[in-house]
Protein chains: 2
Amino acid sequence: MRVERATLRDVARLAGVSVATASKALNGQPQVRASTRARVEQAASQLNFSPNTLARGLITQRTGTVGLLTSDLEGRFSIPILMGAEDAFGTDRTSVFLCDARGDTIRERHHLSALLSRRVDGLIVVGARPDSRPSLGRDLPVPVIYAYAPSDDPRDLSLVSDNEGGGRLAVDHLIRCGRRRIAHITGDASYGAAQDRARGAQQRLAEEGLEPAGGEVWFGMWSESWGRGATRMLLERCPDVDAVFAGSDEIARGVLDVLHEQRRDVPGDVALVGYDNWNILVANARPPLTTVDMNLEQLGRVAAQRLFAAIGGTLGSGIEKFPGKLITRESTAPLR
Amino acid sequence: MRVERATLRDVARLAGVSVATASKALNGQPQVRASTRARVEQAASQLNFSPNTLARGLITQRTGTVGLLTSDLEGRFSIPILMGAEDAFGTDRTSVFLCDARGDTIRERHHLSALLSRRVDGLIVVGARPDSRPSLGRDLPVPVIYAYAPSDDPRDLSLVSDNEGGGRLAVDHLIRCGRRRIAHITGDASYGAAQDRARGAQQRLAEEGLEPAGGEVWFGMWSESWGRGATRMLLERCPDVDAVFAGSDEIARGVLDVLHEQRRDVPGDVALVGYDNWNILVANARPPLTTVDMNLEQLGRVAAQRLFAAIGGTLGSGIEKFPGKLITRESTAPLR
DNA sequence: TTGTAAGCGTTATCAA
DNA sequence: TTGATAACGCTTACAA
């Protein structure tokens, strides 16, 4: 049973008023008598009226619609950002178009023009990795905010996670737990995020007059199996290590695996901190992992707010960094 | 630099033709002289013209837009379905609105009306768990397809994964590997999916005259830690078990963990099959896990096709089941 | 082959 | 407080 759609005219007719009045009544304009408004509202609900936002958008030049253009296949970063944005927009005011370019520039251009022709009010671009990505250009008719991965054009506005601060946060926590021989095992050295987290970690270590356990930061890959491999090497070179800061939760899971294998107690012998707060990995670990949360939902929320403020006006520029937060679970504890 | 938007009128003026001719030229209508078309196209690209789909939609009654209403917080199931749907729709013909109701009925109604007032051409509803969910009702102005979680109204069309077949697939593979003492550790017994997978598994076992190792199916929770607990009990009650079929990859990771702990070789002593093909869990396991893939992308693709066929026409009804496929990795191998 | 004009469902500006 | 009426940007008969 497909149902007919009522238009404002139908509502007006049923309520015995003009279309103009019906419009005003439904949109809460003040110059409408209360009884008239009631009649119109009654008619609207009776007809199950749902205003056509296309027609409205044609006039108001606003669609109440935002495009979220992502390249993050698994939705791991985009989903929390999407949530935050939806949150900030409020449930029924603005809807979000999610398009996944799957890391393909051509597909990205396609999606971009599809979104523009649908007259989105603004765009949020979420990159695949936290390094800078090509700007969509400056000649777009709507404001654009880059989230997670900054634009390579400093005139654009980018919202990113503070990786240096995150690294510092992790190490600071380990130091407060009384650890002194702290290793850092992390991902691909070509990622800015890996470098930044390592820098933050090392700075905090240096403040205590410490060096990373094993003498260096262990760069490698963003995988569980690298976490395993690195940990085996680490335990050999530096058997008295008492804490590991892993550059991602995946890596942390690998670290944990080998620590178990070698009968090291976590956190008794070795404390462990991950990065990402990826629930599936972190909550199910044994013990559950302390980790750094990048606060992506807040990032999405702010992106939405900035975008709304910018619609019709202008946007700021530059890179805005968002602090992460440490989520403590059982994999870290004070040294007894 | 915010750029002005060109309208069809601007294009027509620049090309020295009427709006109607410009429209025909750009839309590939045949009754336009080639040279005229060229001139119009040239003007359009010069002005960076992007047609306003709102205006077009107002006339054609089609927006080229589909709503994907999900309740699956993490996007674990919706993302592949979204991908499949985007795929089938083709890059620039149709865009997808993704809305997450977060399991909240009120939010779902909100999103629904937002989507309807945006005049989506159709809806795909993805449930949070593979049990039946309340129908959105029959009195909607657009076709609706339920994916993953079927509607509780048999007059709706639902596309779901064949869990019974999946269970059979897993056990069949283990049997072909020469295993005879096969246990099934799975999630919450209140989930239809758990029951269905168990039924498929037991049927296949029965065909070989076998019973599940340990005498029963181990229902519990969809978590890694239940996988661990159940495996400990299993190994005690039935130490000669030579295969485990886990009801999810999460559970499988728990099983694997305890098998390692108790120095059982996988797949040498015990073969292991998971369910979901959740890459992060499965690819990083040691060894990588054989698992059942629910084929959600295909489900999304078909949902999109059905939806398109239904727009303007009518939809079928009932529940359509999609077979999964077995992805073999190193956690299973023939008994030597 | 091109142009004129009507109309899609709203909102906004007036005048009544 | 209400109602004609003109937009919004496009497609589509129909006329030229």
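- For residues 4-44 of chain B, no pair satisfies ring pair (Phe, Tyr, Trp, His ring centres under 6.0 Å), with sequence neighbours left out.
- For residues 146-157 of chain B, the set of pairs meeting the salt bridge (charged side-chain N to carboxylate O under 4.0 Å, His left out) definition, not counting sequence neighbours, comprises B:Arg138-B:Asp156, B:Asp153-B:Arg155.
- Computed from coordinates, the B:Arg118 CZ to C:dT10 P distance equals 14 Å when rounded to whole Å.
- Applying the salt bridge (charged side-chain N to carboxylate O under 4.0 Å, His left out) rule to pairs touching residues 22-36 of chain B yields nothing, sequence neighbours excluded.
- Following rounding to the nearest Å, A:Ile59 (CD1) and C:dC8 (P) show an atom-to-atom distance of 14 Å.
- In this structure, the side chain of A:Arg37 engages the main chain of A:Gln29 through a donor-acceptor pair within 3.5 Å.
- Using a 4.0 Å cut-off, no side-chain N or O of A:Gln29 falls inside it from OP1 or OP2 of C:dT11.
- Judged as a side-chain hydrogen bond (donor to acceptor under 3.5 Å, both in side chains), and not counting sequence neighbours, the contacts of B:Ser23 are B:Asn27.
- For A:Thr21, the side-chain hydrogen bond (donor to acceptor under 3.5 Å, both in side chains) partners are A:Ser18, not counting sequence neighbours.
- Between the P atom of C:dG9 and the CZ atom of A:Phe49 lies a distance of 10 Å, rounded to the nearest Å.
- Counting only residues at least two apart or in different chains, salt bridge (charged side-chain N to carboxylate O under 4.0 Å, His left out) contacts with residues 6-20 of chain B comprise B:Asp10-B:Arg13.
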Output a table of donor-acceptor pairs, distance under 3.5 Å, between side-chain atoms of residues 297-308 of chain A and any protein atom two or more places apart or on a different chain; print 'none' if there are none.
residue	atom	partner	partner atom	Å
A:Arg306	NE	A:Glu320	OE1	3.4
A:Arg306	NH2	A:Glu320	OE1	3.3
A:Arg306	NH2	A:Glu320	OE2	2.4

Enumerate all atom pairs, one protein N or O and one N or O from nucleotides 1-5 of chain C, separated by less than 3.5 Å.
residue	atom	partner	partner atom	Å
C:dT2	OP1	B:Thr36	OG1	2.4
C:dT2	OP2	B:Arg33	N	2.9
C:dT2	OP2	B:Thr36	OG1	3.3
C:dG3	OP2	B:Ser18	N	2.8
C:dG3	OP2	B:Ser18	OG	3.3
C:dG3	OP2	B:Thr21	OG1	2.9
C:dG3	O6	B:Lys24	NZ	2.7

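- Identified under the salt bridge (charged side-chain N to carboxylate O under 4.0 Å, His left out) test for residues 120-136 of chain B, with sequence neighbours left out: B:Glu108-B:Arg133, B:Arg129-B:Asp131.
- Between A:Arg9 atom CZ and C:dT10 atom P the separation is 10 Å, expressed in whole Å.
- Axis deviation across the helix from C:dT1-D:dA16 to C:dA16-D:dT1 amounts to 40°, comparing end segments of five pairs, rounded to 10 degrees.
- Close approach of DNA chain D to chain A, defined as any atom under 4.0 Å from a non-hydrogen atom of the protein, starts and stops at D:dT1 to D:dG9.
- Side-chain contact check for B:Arg118 and A:Thr65: at least one donor-acceptor pair (N or O, by modelled atom type) lies under 3.5 Å.
- Summarising the geometry, the separation between CG on A:Leu58 and P on C:dC8 is reported as 14 Å, rounded to the nearest angstrom.
- Residue pairs meeting the ring pair (Phe, Tyr, Trp, His ring centres under 6.0 Å) criterion with at least one partner in residues 136-160 of chain A, sequence neighbours excluded, are A:Phe77-A:Tyr148.
- Taking atom CZ of residue A:Arg5 and atom C1' of nucleotide C:dT10, one finds them 14 Å apart after rounding to whole Å.
- Note on A:Thr7: every side-chain N or O is 4.0 Å or more away from OP1 and OP2 of C:dG9.
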